[in-house]
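Heads up, the thing below is written out as structure tokens.
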Amino acid sequence: MKVLIDTCVIVDVLQKRELFYKSAMDIVLAISNRRCLGVLTAKFDRHV
């Protein structure tokens with residue numbers, strides 16, 4: 001399964017934003033453990 005990752009999800013993990021950190025980290029861990037394939041938009045680097 002491919003998962004399109006919004007920039008906000010990455011920012012939530014990097015900044016450990018309280019309301020969203022656990023959910024965002026679950027997504028990142030799923031990608032890291034190869035349970036799904038994470039893809040970013042082409043403009044990702046401009047947002048971070």
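- The side chain to side chain donor-acceptor pair (under 3.5 Å) test applied to Lys22 returns Asp26, not counting sequence neighbours.
- Leu19 forms part of a hydrophobic cluster together with Phe20, judged by ILVMFWY side-chain heavy-atom separations under 4.5 Å.
- Among all heavy-atom pairs drawn from Cys36 and Val3, the shortest one is SG-CG2, 3.7 Å.
- Through chains of ILVMFWY side-chain contacts below 4.5 Å, Leu29 is grouped with Val13, Tyr21, Met25, Val28.
- Qualifying salt bridge (Lys or Arg N to Asp or Glu O under 4.0 Å) partners for Arg17, counting only residues two or more places apart in sequence or in other chains: Asp12.
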Could you walk me through whether Ile27 and Ile5 satisfy the side-chain contact (heavy atoms from CB on, under 4.5 Å) test, starting with their C-alpha distance in whole Å, then the side-chain angles of each, then the deciding distance to 0.1 Å, before giving a yes or no?
CA-CA 9 Å; Ile27 294 168; Ile5 305 299; 3.5 Å; yes
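- Between Leu40 and Leu4, the shortest heavy-atom distance links the atoms C-CD1, 4.3 Å.
- Side-chain N or O atoms of Asp6 include one that pairs as donor or acceptor with a backbone N or O of Cys8 at under 3.5 Å.
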